[in-house]
Each structure stands twice: as C-alpha cells, then as structure tokens.
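In what follows, a single structure is set out as structure tokens and then discussed.
Note that ligands are numbered from 1 as they come in the structure, with each ligand's atoms numbered from 1 the same way. Computed from a predicted structure; not experimentally measured.
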Amino acid sequence: MSNGRTGKFIVLEGIEGAGKSRQSALLVDALRSHGVDAIATREPGGAPLGEKLRTLILDPHYSPDAITELYMYSAARRDHLKYIVEPALERGRVVVCDRFIYSTLAYQGYGRGLDLDFIRAVNAATIAPVKVDLALLLDIAPEAGFARKGGADKTDRLERENLEFFGRVYSGFKAMCESGELVAIDASGEKERTAAKIYAAVEKIL
Ligand code: TMP
C-alpha cells in the first residue's frame, strides 16, 4: 500500500561528498516548479528531538559502540517519521529524505559489522507503517567523495573514520543496488546532470 493519500517517500543515499543535501534541495525545487507539493528533510535530524540526537551522535567527545549508534539513529528516525514524514505524507506531499534505513545497513552493518538481519528487524519496527516509494544511491566512490568535499571534517566524529571504513560502507550501498533495494544514479559528474537523472527516476513513480 502507498503512503498517506497520494504522498510519496523518496530517499537519497550515499557516502560523504556524494551531494545528497544539494541534490535533495534541487529535486524539491524541480518538483515544486512542476506543481508538486514537496519538502526536503534529513536523517539523523529533521525534527527538534531528532536534531538534538544528531548533535549527540556526531559529537567527537563520545564513542558510542555500534549497537548504541543503531538505537540512537533509530530513535532519531522514529521521532522524525512521527512528527515530520508521516504528517506530510498524510497531506499528500512528496517527502525527499537525505539518508534513511539504508544508511544504517551500510554504516552500522557493513561498516561496523553489526548483523544485517538484526538491523533489518530494528529498521522494520522503527519505520512501520511508512513505506519507501523510491530509494536512490547517489553513486560516487569514497575517494572521489572526500576529494569533492575538500577532505574530511575533523569536528565530525564520523568523518574522522578512515577510508577503509568508508570503503566497506560503499560496498554495502552497492550490494543494496544489486539486491534492488536501491537504484544507483551516477553522481560523479556535473551536479546538473545528476539532478536530471534523479528527476527522471522520480518522475516515473509520481
Ligand atoms: P550526513 O548525513 O551529514 O553525512 O551525516 C550523518 C552521518 O551519520 C553520516 O556519517 C552517516 C551516519 N549515519 C549512520 O551511520 N547511520 C544512519 O542510520 C544514518 C541515518 C546516518
């Protein structure tokens, strides 16, 4: 069953530097210019409690283990769904979300080694009854992503991780493309070209 009345839930995933936040904004602009009522939001965060949790999760002063991380991301996600995503879908809006459950599989699963079935079970319980209508991977390799960002942000706990970790995360995203959970969009070129590819994929499901 689809979300809300005619609402659609679209997720953009990718590693650091893939351009997700920029592309979320471009996609919402393009949708609005076609008369579609759309909003951009992000995880972790998006809602007041979720944004507070985001600050804690990314704070380099703490070293949560993978299970603690999983529950923190899940708590932020549930709050975001209840207060931002579900109400918007109920009103028939298109919601464009920068990161979602696929990031949990990629980072806490492939990256940190938590059991994938365990994560899938937590994810399913966390998001019910919301369904993802389209999940895109903005596909760019970790080295290229960091080069584009001009290097890692040293104040962000997660960006201090090494490239080996991000290699595992990236391989997780690619595995999800192979299984059909994510649709890959080449994000290595000009941002306008990437935006056009994203819009073409989204248009098909509206
Ligand atoms: P970003 O969205 O600004 O890139 O930062 C969020 C960070 O949180 C990023 O390093 C990916 C990470 N993350 C997870 O590890 N698991 C998750 O479930 C989510 C949503 C994000």
*asked:* Less than 4.0 Å is my threshold; does some heavy atom of Arg42 fall inside it relative to ligand 1?
replied: no
*Quick one: which ligand 1 atoms are inside 4.0 Å of a heavy atom on Gln108?*
14 (C), 15 (O), 16 (N), 17 (C), 18 (O)
_Applying side chain to side chain contact (heavy atoms under 4.5 Å, CB included) to Arg42 and Ser21, what does each step give before you reach the verdict?_
CA-CA 8 Å; Arg42 69 168 182 177; Ser21 44; over 6 Å; no
*By number and element, which atoms of ligand 1 are closer than 4.0 Å to a non-hydrogen atom of Arg54?*
1 (P), 3 (O), 5 (O)
*Please step through side chain to side chain contact (heavy atoms under 4.5 Å, CB included) for the pair Thr41 and Val96, ending with a clear verdict.*
CA-CA 6 Å; Thr41 187; Val96 177; over 6 Å; no
_Note: Glu181-Arg120 ion pair, threshold 4.0 Å (strictly below)_ = yes
_Close N or O approach (Glu69, ligand 1; < 3.5 Å)_ = no
*Number the atoms of ligand 1 from 1 as they appear, then name those within less than 4.0 Å of a heavy atom of Glu16, with their elements.*
9 (C), 10 (O)
*Going by the atom numbers of ligand 1, which of them fall below 4.0 Å from some non-hydrogen atom of Arg77?*
18 (O), 20 (C)
*Under the side chain to side chain contact (heavy atoms under 4.5 Å, CB included) rule, what do Glu13 and Leu182 come out as? Steps first, then yes or no, please.*
CA-CA 8 Å; Glu13 291 281 4; Leu182 292 173; 4.1 Å; yes
*Honestly, is Arg77 close enough over Phe100, meaning NZ or CZ under 6.0 Å from the six-membered ring centre and within 45° of the axis?*
yes
*Taking N or O atoms only and a 3.5 Å limit, does Tyr107 qualify as a polar contact for ligand 1?*
no
_Any nitrogen or oxygen of Asp98 lying under 3.5 Å from a nitrogen or oxygen in ligand 1? Just yes or no._
no
_Under 4.0 Å between a side-chain nitrogen and a carboxylate oxygen: does that hold for Lys174 and Glu178?_
no
